Amino acid sequence: MGDKNINITLPDGSVRSYEAGVTGLEVADSIAKSLAKAAVGVKINGVLSDLSLPIQADAKVEIVRRQDDAALEMIRHDAAHVMAEAVQKLYPGTQVTIGPSIENGFYYDFARNEPFSTEDFPAIEKEMRKIIERGAPFTREVWDRDEAIKYFKNKGENYKAELIQDLPETEEIKIYKQGEWTDLCRGPHMPTTKHVGNAFKLLKVAGAYWRGDSNKAMLTRIYATAWRDEKEMNDYLHMLEEAEKRDHRKLGKEMDLFHLQEEAQGSVFWHPKGYVIYNQMENYIRRRLNDSGYQEVKTPQLIDNKLWIASGHWGKFRENMFVVPDEIPSTDDEKNIFGGKFEKLMALKPMNCPAHVQIFKQGLKSYRDLPLRLAEFGCCHRNEAHGALHGLMRVRQMTQDDAHIFCREDQITQEAQAFCKLLYAVYRDLGFSDVKIRLALRPENKAGDDATWDRAEAGLEDALKAQGLAYELAPGEGAFYGPKLEFHLKDAIGRGWQCGTLQLDFVLPERLDATYIGEDGGRHRPVMLHRAILGTLERFIGIMIENYAGKLPLWLAPVQCVVATITSEADGYADEVAGKLKALGLRVETDKRNEKINYKVREHSLAKVPVMFVVGAREAAEQTVAIRRLGSQDQSVQPLPSAAESLAGEAKPPY
RNA sequence: GCUGCCGUAGCUCAGUGGUAGAGCACCCCCUUGGUAAGGGGGAGGUCGGAAGUUCAAUCCUUCUCGGCAGCACCA
């Protein structure tokens, strides 16, 4: 190298000429010494790389300084290496495996007979600080594959050796060293360990399968967070605390909304207050669906496995189903409860679709009947793994805001479009404006021919384009029966949740033999669209609780107003006020306890009651109420009739 | 399901190889107080369950059930 010149385009658009083989550091140095000093990496044509990597061809080059966003990934990845070195120093015999940077931090998976505990963290962090302080440079080498395998095997690093073995033949075996410590790594790294800085913290230990495969060994994973400076890290740690405060399981208990208990693992006991929210949500969606051309149905819980065999669920979904023999259980304690022949099996429905097809199939359907939109607040049971259960977010008995649209292929785009519109309107009403869409395309293992898939994918994509909705493609992630749209919403503290979905299905109508009579008088196959907006009521309510930190909008609040007395003289008037509010359809409670108003205010504030009407002798005499809103110290005194009317107006659901 | 941690009063938690404690909540009494905890008293637990070690187990051991975190799976 050396005799050829290349053009480097900088972020400001300027183009400079360098000898081929120039490094990012040299480019930085040629721009400004200070830039070279601040540089930790370089983006070459958008790809983050080592500063020392020779650039051989024309490229767009962007120097990454430690304070740049792009440096976070390097800080975290380097910190992972530093942690691995520290762990191997402190706990000899521990094998290193992989340790990537992730959102907000990094982790490293170790193989060690004895697991780590959080009590090991201070020692590991201390050792990490030493390694960082030492500031050994990260150096990059390319090794011969067999030599590398031999090297790691000799060191007893069998997982690393396996990784190298499985790297594609075309891939270089890159080794990074930081002082004495050596690791197989794809890179890139910053110049020295010193650049990691001090803003890192080990957070938790957890098990993780080698290569994410539940049949393989369980490793110990250490999670940590790392940032450019302490302030950034503290902001993140505060966010974690905030998330913990908003935990719907905690709030659900505090607000007396629901509970779970071991006799019904994964199924919710809704308390009166929680069920108010549930019913409000369900009724809201019901009104939305009614006005959008859906017809509500209700289908059986227990269905013969014949239908599940026909639908394909028996084959593909059985391990997630609750199966029951259709047999009278024996009451004789000496005998088995069931005879053991299981000639006839039933299953609790895990999905509503096959049942909806049964309704579609009753009587002859004409093309004039399409699109036929059947909605159901379908109560489904899924036999979820115990370890997967999580409050309201992951349950075994769930109620979907489910519907199936039976239509012709040429109606897909318009139906998809109408659905997106409805979904956005609902999310907006419920307080979510940040929604991301993924279009999941055909997987390798799929039913139906390519021409059909072409039309199906185009149908969904056209619907998105027609509405100017941004989306991301997810190749290979579609269901075997058709492509789908996934809607991910972002909550108040930035976490994403997949809720809505729209799935095209060409397979089920075929398997269950659904047909309609077309204009030509012949039988045709309808296309089926599976769709949900909330996903499940349980989970969505969990998301709502966390999004609003329990302070639900007035129309959803279990108790919308508490009428609290200052002295017992106002008891009669408090009842009068509550009666008036109730008559206007509000959910009201009175608090006439022998307690001071401070105490009552505090208690109802903690219970997240949105509005309090405080009444004493004065209000009783003047027929007014002193209004106090959750989260505000202000009070305003208003005549009862106008206060009640305006609160009732405010409490109307958004639709 | 897998790995790790945890399981004491309704809730949040302390504690010890010699059969348990706080705060809040609950009940009673005093207090009628103007916007985030007025005072006093009382009741409440076979320390998740089973087995073992021990003179003695809530504490140590094993098993089991459940919870939590992560993994795998997923709405």
Side-chain angles (χ1 to χ4, degrees), chain A residues 107 109 111-112 114-120 203-223 244 247 249-250 253-254 256 259-263 265-266 317 319-320 350-351 378 380 382-402 486-488 497-501 503 530 532-540 542-543 562 564-571 592-607 612-619 626-637:
Chain A
Y107 66 78
D109 286 347
R112 182 185 176 219
E114 203 182 323
F116 293 100
S117 96
T118 49
E119 284 166 24
D120 299 318
L203 295 179
K204 55 194 167 198
V205 287
Y209 297 111
W210 169 233
R211 301 198 144 177
D213 183 338
S214 55
N215 297 312
K216 295 206 163 93
M218 178 67 74
L219 308 170
T220 300
R221 174 173 298 180
I222 299 182
Y223 279 96
E244 207 174 313
D247 190 315
R249 292 165 301 180
K250 187 174 127 89
K253 195 183 276 182
E254 284 172 10
D256 194 18
H259 86 270
L260 295 152
Q261 69 184 50
E262 60 178 283
E263 288 82 357
Q265 272 180 63
F317 206 72
E319 60 176 9
N320 284 298
M351 296 182 191
C380 294
R382 293 187 191 171
N383 203 340
E384 302 286 354
H386 289 78
L389 302 176
H390 181 93
L392 297 179
M393 302 303 192
R394 196 76 184 274
V395 292
R396 292 174 130 183
Q397 180 191 307
M398 69 209 79
T399 309
Q400 302 174 315
D401 63 324
D402 200 12
E486 288 176 4
F487 300 86
H488 296 254
W497 301 94
Q498 199 223 302
C499 294
T501 180
Q503 311 184 359
H530 307 246
I533 296 175
L534 305 182
T536 73
L537 280 163
E538 288 80 3
R539 193 162 94 110
F540 207 91
I543 294 169
V562 165
T565 54
I566 291 172
T567 76
S568 53
E569 282 173 75
D571 283 1
K592 300 183 282 190
R593 290 176 304 170
N594 177 11
E595 296 291 352
K596 292 197 172 174
I597 194 62
N598 284 313
Y599 184 89
K600 296 184 183 179
V601 166
R602 174 182 156 82
E603 194 158 280
H604 301 302
S605 298
L606 289 174
M612 254 181 272
F613 281 4
V614 176
V615 294
R618 203 154 65 219
E619 286 77 11
I627 305 168
R628 181 186 168 114
R629 301 221 165 221
L630 182 59
S632 161
Q633 287 347 334
D634 299 341
Q635 315 158 32
S636 75
V637 177

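Worth saying up front: this structure is predicted, and the values here are computed from it rather than measured. Below, chain A is the first sequence line, B the second, and so on; all start at residue 1.
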Participant: Which of the following nucleotides, B:rC68, B:rU12, B:rG38, is nearest to the side chain of A:R249?
Facilitator: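 Minimum distance to the A:R249 side chain belongs to B:rC68.
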
Participant: With a 4.0 Å cut-off on heavy atoms, is A:R221 in touch with a base, just the backbone sugar-phosphate, or nothing at all?
Facilitator: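 Since only primed, P, OP1 and OP2 atoms lie under 4.0 Å of A:R221, the category is sugar-phosphate.
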
Participant: Between B:rC73 atom C1' and A:R211 atom CZ, what is the distance in whole Å?
Facilitator: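 Interatomic distance, CZ of A:R211 to C1' of B:rC73: 20 Å.
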
Participant: Classify the nucleic acid contact of A:E619 as base, sugar-phosphate or nothing, counting any heavy atom under 4.0 Å across all strands shown.
Facilitator: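 Counting heavy atoms under 4.0 Å across all strands, the contact made by A:E619 includes a base.
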
Participant: Mark yes or no: A:K216 above the aromatic ring of A:Y209, with NZ or CZ under 6.0 Å from the six-membered ring centre and no more than 45 degrees from the axis.
Facilitator: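 No; the conditions do not both hold, so A:K216 does not lie above the ring face of A:Y209.
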
Participant: Could you tell me the Watson-Crick or G-U partner of B:rU32, where both distances fall under 3.5 Å? Say none if there is no partner.
Facilitator: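 Answer to the pairing question: none, since B:rU32 forms no Watson-Crick or G-U pair.
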
Participant: Within the structure shown, what part of the strands sits under 4.0 Å from A:G207 by heavy-atom distance: base, sugar-phosphate, or nothing?
Facilitator: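 Base, at least one base heavy atom under 4.0 Å.
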
Participant: Taking the minimum atom-to-atom distance to the side chain of A:N598, which one of B:rU12, B:rC26, B:rA36 wins?
Facilitator: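 Per side-chain heavy atoms of A:N598, the pick is B:rA36.
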
Participant: What nucleic acid atoms does A:A564 come within less than 4.0 Å of, heavy atoms only: base, sugar-phosphate, or nothing?
Facilitator: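 No contact at all - A:A564 keeps every heavy atom at 4.0 Å or more from the nucleic acid.
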
Participant: With the side chain of A:M218 defined as its heavy atoms from C-beta on, choose the nearest nucleotide among B:rU35, B:rA75, B:rU3.
Facilitator: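 The nucleotide sitting nearest to the side chain is B:rU3.
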
Participant: Go through B:rU32, B:rA36, B:rG34 for me and flag the one nearest to the A:R602 side chain.
Facilitator: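 From the listed options, B:rA36 comes nearest.
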
Participant: For A:V614 and A:Q635: C-alpha separation, side-chain torsions, deciding distance, then whether side-chain contact (heavy atoms from CB on, under 4.5 Å) applies.
Facilitator: CA-CA 9 Å; A:V614 176; A:Q635 315 158 32; over 6 Å; no

Participant: May I ask you to verify if any side-chain N or O of A:Y209 is less than 4.0 angstrom from the OP1 or OP2 atom of B:rG1?
Facilitator: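 No, A:Y209 has no side-chain N/O under 4.0 Å of OP1/OP2 on B:rG1.
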
Participant: When you measure from the side chain of A:E262, which nucleotide among B:rC11, B:rG66, B:rA75 comes out closest?
Facilitator: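 For A:E262, the side-chain atoms sit closest to B:rG66.
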
Participant: Should A:D247 and A:R249 count as an ion pair when the cut-off is N to O under 4.0 Å?
Facilitator: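 Result for this pair is yes, salt bridge flagged.
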
Participant: Using a heavy-atom cut-off of 4.0 Å across all strands, would you classify A:A570 as base, sugar-phosphate, or nothing?
Facilitator: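 A:A570: no heavy atom of the nucleic acid under 4.0 Å.
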
Participant: Base of B:rU32, side chain of A:S568 - is there a donor-acceptor contact under 3.5 Å?
Facilitator: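 Check passes, donor-acceptor contact within cut-off.
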
Participant: Select from A:V637 and A:H386 the residue whose nearest nucleotide in RNA chain B is closer to the 5' end of that strand.
Facilitator: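 First, find each residue's nearest nucleotide; the 5'-ward one identifies A:H386.
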
Participant: For a quick check of understanding: with a heavy-atom distance under 4.0 Å over all strands, which category does A:Q265 fall into, base, sugar-phosphate or nothing?
Facilitator: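 Since only primed, P, OP1 and OP2 atoms lie under 4.0 Å of A:Q265, the category is sugar-phosphate.
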
Participant: Considering every strand and a 4.0 Å limit on heavy-atom distances, what is the contact class for A:K600: base, sugar-phosphate, or nothing?
Facilitator: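 A:K600: no heavy atom of the nucleic acid under 4.0 Å.
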
Participant: Using atom C1' of each nucleotide, how far apart are B:rG33 and B:rA43 to the nearest Å?
Facilitator: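 Approximately 27 Å lies between the C1' atom of B:rG33 and that of B:rA43.
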
Participant: For the side chain of A:H390, counting heavy atoms from C-beta on, which of B:rA69, B:rC11, B:rC2 is nearest?
Facilitator: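 So the nucleotide nearest the side chain must be B:rA69.
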
Participant: Once you apply a heavy-atom cut-off of 4.0 Å, does A:G387 come out as touching a base, just sugar-phosphate, or nothing?
Facilitator: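 The answer is base, as A:G387 lies within the cut-off (heavy atoms under 4.0 Å) of a base atom.
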
Participant: If the C1' atom of B:rC26 is compared with that of B:rG15, how far apart are they to the nearest Å?
Facilitator: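 Nearest-Å result for B:rC26 against B:rG15 at atom C1': 24 Å.
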
Participant: Is A:F116 touching bases, backbone alone, or none of the nucleic acid, heavy atoms closer than 4.0 Å?
Facilitator: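 The answer is nothing, as A:F116 stays clear of every strand by at least 4.0 Å.
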
Participant: At under 4.0 Å, does any side-chain N or O of A:R628 touch on OP1 or OP2 of B:rA36?
Facilitator: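 Yes, such a contact exists.
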
Participant: For A:L219, report the nucleic acid contact type (base, sugar-phosphate, nothing); a contact means any heavy atom under 4.0 Å.
Facilitator: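 If one applies the 4.0 Å heavy-atom cut-off, A:L219 turns out to touch nothing in the nucleic acid.
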
Participant: If you go through the side-chain atoms of A:E384, does one of them form a donor-acceptor pair with the base of B:rA75 closer than 3.5 Å?
Facilitator: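 Check passes, donor-acceptor contact within cut-off.
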
Participant: Are OP1 or OP2 of B:rA36 and a side-chain N or O of A:Q633 less than 4.0 angstrom apart?
Facilitator: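 Yes, because at least one side-chain N or O of A:Q633 sits under 4.0 Å from OP1 or OP2 of B:rA36.
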
Participant: Between A:A617 and A:V395, who's closer to the 5' end of RNA chain B by nearest nucleotide?
Facilitator: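 By nearest-heavy-atom nucleotide position, the 5'-most residue is A:A617.
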
Participant: Regarding A:Q397 and A:R382, is there a side-chain donor-to-acceptor distance under 3.5 Å anywhere?
Facilitator: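 Looking only at side-chain atoms, A:R382 and A:Q397 do not form any donor-acceptor pair under 3.5 Å.
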
Participant: Does the B:rC73 base have a donor-acceptor partner in the side chain of A:R382 within less than 3.5 Å?
Facilitator: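 For A:R382, whose side chain was compared with the base of B:rC73, there is no donor-acceptor pair (under 3.5 Å).
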
Participant: Could you check whether A:S214 gets within reach of a base, just the sugar-phosphate, or nothing at all, counting any heavy atom under 4.0 Å?
Facilitator: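 Counting heavy atoms under 4.0 Å across all strands, the contact made by A:S214 is with sugar-phosphate only.
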
Participant: With heavy atoms under 4.0 Å as the rule, sort A:Q635 into base, sugar-phosphate or nothing.
Facilitator: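 The residue A:Q635 makes base contact.
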
Participant: Say you pick atom P in B:rG34 and the same atom in B:rA22; how far apart are they, in whole Å?
Facilitator: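 It comes out at 33 Å once rounded to the nearest Å.
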
Participant: With rounding to whole Å, what would you report as the distance between B:rU53 and B:rG42 at their P atoms?
Facilitator: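 To the nearest whole Å, 43 Å.
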
